[in-house]
A.B. asks: 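Questions regarding the structure given below will be posed in turn.
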Amino acid sequence: MAQMQGFGRRYIKAFLKGFFVAVPVTVTFLDRVACIARVEGSSMQPSLNPGGKQVSDIVLLNHWSIRNYEVQRGDIVSLVSPRNPEQKIIKRVIALEGDIIKTISYKKRYVKVPDGHIWVEGDHHGHSFDSNAFGPVSLGLLHARATHILWPPERWQKLPPKLPPERQPLQKEQV
Amino acid sequence: MLWDVMGKTFRLLGYTIQYGCIAHCAFEYLGGIVVCSGPSMEPTIQNSDIVFSEHLSCHFYSIQKGDIVVAKNPTDPKSNICKRVIGLEGDKVCTSSPSDFVKIHSYVPKGHVWLEGDNLRNSADSRCYGPVPYGLIKGRICFKLWPLTDFGFLRASPNSHRICKD
């Protein structure tokens, strides 16, 4: 009986030890290095979810590469929605701070992106809830950068930074 | 000999990673100690006071009007600001400074909060950069640890007339 108890205690101890290693390491890895997420909605067509509603892409989100809030024009990033903090949105970075951008349906025709902000747009104009609706977003809301499409397997690919030529900023920030 | 050194190194590395990850989880999800600097929250929080901030109420979306929060600076994501929540989404707030004769009111948009420092004359807050998205809030400051003479929960806002009641 005593042996039985000792066995149980040892088992629980080992379990707790493993638990306190595995859970924090996993959470930290998912928070800091990379995680995966399913893309919903049609706002990034044709880059993501080209098939419409039947299949939704699963992308790899890289947190590590944006730890200093360094993004390029054309990157696909995920951010916390400024309108609904419980939701994450995935958009393409169009302009960085200091750029002057011609908007599509914003209340102002031309916008200079303020300091610490970026201008994001979905690839599917008109079907995307993006900076044309809520204006420039603060870099602090940045969550991760989408680097690869993982699923479905036939669409496995890298997502290179790609800025549509007609959406180039009118005036880039002087460096 | 070599194996011994290697084993020790790996064990040390493992412990470093494990405790680093535990620390990350604690600071990210539970709370942490914050050293405040700057005059914007005087007289509630003086320069270089040490306070404790908890992050649970931010994750559960239970921030209320009158709470003091730590948030990322909207114009510079690498720095943090410490302000009082004056209005939540849909509230009517006074956007003009107290010395102005003409009072301008506006509504806080969805998913945003209106932040102001307690020291209205010396504070860069929502009156200069507008409403702040909720996603930038990192935690709620609940009590002060240092100086010890002031240990305890924080005082209510000296500008409570600016917090509108509904």
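Every chain is numbered from 1, with letters handed out A, B, ... down the list of sequences.
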A.B. asks: Given heavy-atom pairs under 4.5 angstrom as the criterion, report whether the side chain, backbone, both or neither of B:Tyr19 touches chain A.
C.D. replies: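 Neither; nothing under 4.5 Å.
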
A.B. asks: Please tell me whether A:Ile101 and A:Phe134 are part of a single hydrophobic cluster in this structure, the criterion being side-chain heavy atoms less than 4.5 Å apart.
C.D. replies: no

A.B. asks: Roughly how far, to the nearest 0.5 Å, is CZ of A:Phe20 from SG of B:Cys25?
C.D. replies: 11.0 Å

A.B. asks: With rounding to the nearest 0.5 angstrom, report the CG to NZ distance, A:Leu139 to B:Lys72.
C.D. replies: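 Atom-to-atom, A:Leu139:CG and B:Lys72:NZ are 9.5 Å apart.
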
A.B. asks: Need one label for B:Tyr61: side chain, backbone, both or neither, based on atoms under 4.5 Å from any heavy atom in chain A.
C.D. replies: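 Only the side chain of B:Tyr61 comes within 4.5 Å of chain A.
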
A.B. asks: Scan B:Asp76, B:Val132, B:Thr75, B:Leu136 and name whichever one has a side-chain contact (heavy atoms from CB on, under 4.5 Å) with A:Ser138.
C.D. replies: B:Leu136

A.B. asks: For atom CZ of B:Phe52, decide whether the heavy atoms of other residues, nucleotides or ligands shown that lie under 6.0 angstrom number more than 12.
C.D. replies: yes

A.B. asks: Above 12 or not: heavy atoms from other molecules or residues under 6.0 Å from CZ of B:Arg11?
C.D. replies: no

A.B. asks: Let's test your reading of the structure: which of A:Val80, A:Asn84, A:Thr26, A:Asn68 forms the most heavy-atom pairs below 4.5 Å with chain B?
C.D. replies: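 The candidate making the most pairs under 4.5 Å is A:Asn68.
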
A.B. asks: Would you say A:Arg109 has more than 12 foreign heavy atoms packed within less than 6.0 Å of its CZ?
C.D. replies: yes

A.B. asks: Is any NZ, NE, NH1 or NH2 atom of the basic residue among A:Arg83 and B:Glu89 found under 4.0 Å from an Asp or Glu carboxylate oxygen of the other?
C.D. replies: no

A.B. asks: Tell me whether B:Val35 shares a hydrophobic cluster with B:Phe151, the cluster being built from Ile, Leu, Val, Met, Phe, Trp, Tyr side chains joined at under 4.5 Å.
C.D. replies: yes

A.B. asks: Which atoms of B:Pro74 are under 4.5 Å from chain A, going by heavy atoms: the side chain, the backbone, both sets, or neither?
C.D. replies: both

A.B. asks: Check for me, please, whether A:Leu79 and A:Ile94 land in the same ILVMFWY cluster - side-chain distances under 4.5 Å, paths through other members count.
C.D. replies: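 No, A:Leu79 does not connect to A:Ile94 through the hydrophobic network.
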
A.B. asks: With a sphere of 6.0 Å drawn around CG of B:Leu30, does it hold more than 12 non-hydrogen atoms of other residues, nucleotides or ligands?
C.D. replies: yes

A.B. asks: Would a hydrophobic clustering, with Ile, Leu, Val, Met, Phe, Trp and Tyr connected at side-chain separations under 4.5 Å, put A:Leu163 with A:Ile76?
C.D. replies: no

A.B. asks: What part of A:Pro114 is in contact with chain B, defined as an atom under 4.5 angstrom from a non-hydrogen atom: side chain, backbone, both or neither?
C.D. replies: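 Contact with chain B involves no heavy atom of A:Pro114 at all.
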
A.B. asks: Calculate, to the nearest 0.5 Å, the distance between atoms CZ and CD belonging to A:Arg32 and B:Glu28 respectively.
C.D. replies: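 Those atoms lie 5.5 Å apart.
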
A.B. asks: Report whether A:Val113 and A:Val137 are members of the same hydrophobic cluster (ILVMFWY, side-chain heavy atoms less than 4.5 Å apart, transitive linking).
C.D. replies: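 Each belongs to a different hydrophobic cluster.
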
A.B. asks: If you measure only the distance, is there a donor-acceptor pair under 3.5 Å linking the side chains of A:Asp31 and B:Tyr29?
C.D. replies: yes

A.B. asks: Among A:Leu142, A:Val21, A:Leu141, which has the most heavy-atom pairs under 4.5 Å with chain B?
C.D. replies: A:Leu141

A.B. asks: Side chains of B:Gln18 and A:Pro24, heavy atoms from C-beta outward: is any pair under 4.5 Å?
C.D. replies: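 The answer is no, as the side chains (C-beta and beyond) never meet within the 4.5 Å cut-off.
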
